Amino acid sequence: MNTELLEALTILEEEKDISRDTLMDAIENSLINACKNHFGKADNIKVIMDKETCDYTLIQEKTVVEEVEDKVEQISLADAKMIDPSYEIGDIVQIPVESKSFGRIATQNAKNLILQKIREEERKVVYDQYFEKEKDIVTGVVQRYIGKNVSVNLGKADAILTENEQVKGEKFEPTERIKLYVVEVKNTTKGPKILVSRTHPELVKRLFEAEVTEVRDGIVEIKSIAREAGSRTKIAVWSNDPDVDPVGACVGMNGARVGAVVNELRGEKIDIINWSDNPAILIENALSPAKVISVMADPDERTASVIVPDYQLSLAIGKEGQNARLAARLTGYKIDIKNETQAIESGELPADYMNMAENYEDDYQEEEYSDEEYSADEESEDEVADDLDLYEE
């Protein structure tokens, strides 16, 4: 048993996660290569290896001839009969080769070949490990700044968080742990190149999958995401179970679930809305928190005209147009927002719309809160006070 080789292969298998069969193949190829350097050719060389004991034997096969023209591949009949009298012309003689007889250069080349194979396999193992995490999130440890880029250690490999993939205003300290979205993993001659991001919209989705069990199990689906990294994100959610409120599931009790995501994103605001297959309802939800009077959506042209109350126009558009911009990205519609006054001027609302709205509101209030209707179920002041006390408790 080749104890030293066996121990070395076991250590490499455990530490580098390289299979023993791969290492044995590398040793076999290195021995053949050494024979080629030593003899000038290795076409008639065979390596016999025992994978259990790591013992190996080098065999050189020579053809028995009357007159030797190639000493590497041929042997004379007289020399063959000295090995075994039964050999005849045309037989194949197997002659053991001592690897100790190899020269320094052949030995060094064989060693380099093994080391190169180990490095290749090590890079392949790391590549395969992180390729599985492509389009997913990983946790990394900040190492240092390289110019405006950040070097992040992911465990067995390092990644560079480029300036373009950083959220504006975020600063990191060495040894700080951060979550990153793996955009792409490339296999290069110097090892895997891992492209990570803190600005990608899918980072938000993966964070919700980690925090919200219903999203992870597929009960609640995140249908669409629109993000302006570092400022605000809108997500549209849908539940496959009528008994599960998708928005409530993502928000969590006392906002715990969405709060954890917001903390990871360092205070980025997140709006969670209900998804709808009806584009008008979806656009109305997407413009939240602004109130909407009407939505006229054209599915073919992917355009929508939205009317909002006068006092809601700035809220619907948002600071520097952010709310409208995110709503457009979330829904995939080009949204034109007008207030009541503009809609009346353009003829989209009747000229007496304001009076109609006021009259409707007055009639509604009179009908809804008349003394006769309320008196039927009216509670005493003491009962109302008791209910309030219970609510506060």
Side-chain angles (χ1 to χ4, degrees), residues 1-62 71-73 92-136 138-141 143 151-160 180 182 184-196:
M1 180 181 290
N2 195 332
T3 308
E4 291 183 1
L5 181 57
L6 182 61
E7 289 178 355
L9 294 182
T10 303
I11 292 171
L12 284 171
E13 189 175 24
E14 292 175 353
E15 292 185 355
K16 305 291 186 181
D17 199 21
I18 304 173
S19 69
R20 184 180 298 185
D21 289 343
T22 301
L23 293 170
M24 297 284 276
D25 289 341
I27 293 171
E28 183 176 340
N29 291 333
S30 69
L31 289 170
I32 293 175
N33 187 69
C35 289
K36 186 176 181 180
N37 289 327
H38 183 71
F39 296 111
K41 62 174 71 174
D43 296 338
N44 61 333
I45 298 293
K46 285 187 177 180
V47 181
I48 301 171
M49 298 195 72
D50 188 329
K51 294 185 178 181
E52 297 297 326
T53 62
C54 289
D55 288 332
Y56 65 89
T57 305
L58 280 171
I59 300 296
Q60 188 177 37
E61 295 183 337
K62 293 186 177 184
K71 292 183 178 180
V72 176
E73 295 187 348
I92 303 297
V93 179
Q94 293 186 336
I95 302 173
V97 178
E98 291 291 334
S99 57
K100 292 180 181 179
S101 64
F102 294 161
R104 181 180 60 83
I105 295 176
T107 305
Q108 186 64 38
N109 288 341
K111 176 184 175 183
N112 292 339
L113 195 65
I114 295 173
L115 292 175
Q116 181 182 350
K117 184 63 176 178
I118 290 173
R119 285 192 292 267
E120 288 175 359
E121 286 301 313
E122 189 177 5
R123 287 196 293 266
K124 184 177 181 297
V125 167
V126 175
Y127 170 78
D128 291 342
Q129 178 182 344
Y130 287 98
F131 182 76
E132 292 177 358
K133 296 180 180 179
E134 195 174 73
K135 312 303 180 186
D136 203 350
V138 293
T139 301
V141 178
Q143 293 181 311
S151 174
V152 184
N153 180 259
L154 303 180
K156 290 187 176 181
D158 291 341
I160 298 296
L180 303 158
V182 181
E184 187 180 9
V185 180
K186 296 180 179 179
N187 199 6
T188 69
T189 54
K190 294 182 179 180
K193 183 179 180 181
I194 305 169
L195 306 178
V196 294

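Just so you know, these numbers come straight off a predicted model, no measurement behind them. Values below: every heavy atom of this structure, side chains too, minus hydrogens, waters and symmetry copies.
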Considering non-hydrogen atoms only, spot the tightest contact between [X] and [Y] and give its length.
X	Y	result
I114	A26	CG1-O, 4.1 Å
A157	V126	CB-CG1, 3.7 Å
K133	V182	O-CB, 3.5 Å

Checking [X] now: which residues fulfil salt bridge (Lys or Arg N to Asp or Glu O under 4.0 Å) with it, not counting sequence neighbours?
X	answer
E73	K41
D128	K124
K117	E121

Residues which pass side-chain hydrogen bond (donor to acceptor under 3.5 Å, both in side chains) with [X], listed by chain and number, not counting sequence neighbours:
X	result
T10	R20
Q116	E120
Q94	E61
Q60	none

From [X] [atom1] over to [Y] [atom2], what is the distance, rounded to the nearest 0.5 angstrom?
X	Y	atom1	atom2	answer
I18	L23	CD1	CG	5.5 Å
T22	I27	OG1	CD1	11.0 Å
D136	L180	CG	CG	12.0 Å

Where the side chain of Y130 meets the backbone of L154, is there a donor-acceptor pair that is under 3.5 Å apart?
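Yes, Y130 side chain to L154 backbone: donor-acceptor pair under 3.5 Å.
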Looking at N44 and V72, would you say the former's side chain and the latter's main chain have a donor-acceptor pair under 3.5 Å?
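Checking the backbone N and O of V72 against the side chain of N44, a donor-acceptor pair under 3.5 Å is found.
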Considering residues at least two apart in sequence or located in another chain, which fulfil the side-chain contact (heavy atoms from CB on, under 4.5 Å) criterion with K71?
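Testing K71 for side-chain contact (heavy atoms from CB on, under 4.5 Å), a comparison that skips the adjacent residues, returns V68.
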For L115, which residues count as a side-chain contact (heavy atoms from CB on, under 4.5 Å) partner, sequence neighbours excluded?
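L115: side-chain contact (heavy atoms from CB on, under 4.5 Å) contacts with K111, R119.
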Looking at V97, T57, I32, which one forms a side chain to side chain contact (heavy atoms under 4.5 Å, CB included) with V47?
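Of the listed residues V97, T57, I32, the side chain to side chain contact (heavy atoms under 4.5 Å, CB included) partner of V47 is I32.
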Under 3.5 Å, sequence neighbours excluded: what are the donor-acceptor pairs made by side chains of residues 186-195?
unit_1: T188; atom_1: OG1; unit_2: K190; atom_2: N; d: 3.4
unit_1: T188; atom_1: OG1; unit_2: G191; atom_2: N; d: 3.4
unit_1: T188; atom_1: OG1; unit_2: G191; atom_2: O; d: 2.3

Under the ring pair (Phe, Tyr, Trp, His ring centres under 6.0 Å) rule, collect the residues that match up with Y127, sequence neighbours excluded.
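So Y127 forms a ring pair (Phe, Tyr, Trp, His ring centres under 6.0 Å) with F131.
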With sequence neighbours left out, which residue pairs that include part of residues 21-32 fulfil the salt bridge (Lys or Arg N to Asp or Glu O under 4.0 Å) condition?
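The answer is D21-K51.
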Within the structure provided, determine whether L58 and L31 are in side-chain contact (heavy-atom separation under 4.5 Å).
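They are in side-chain contact.
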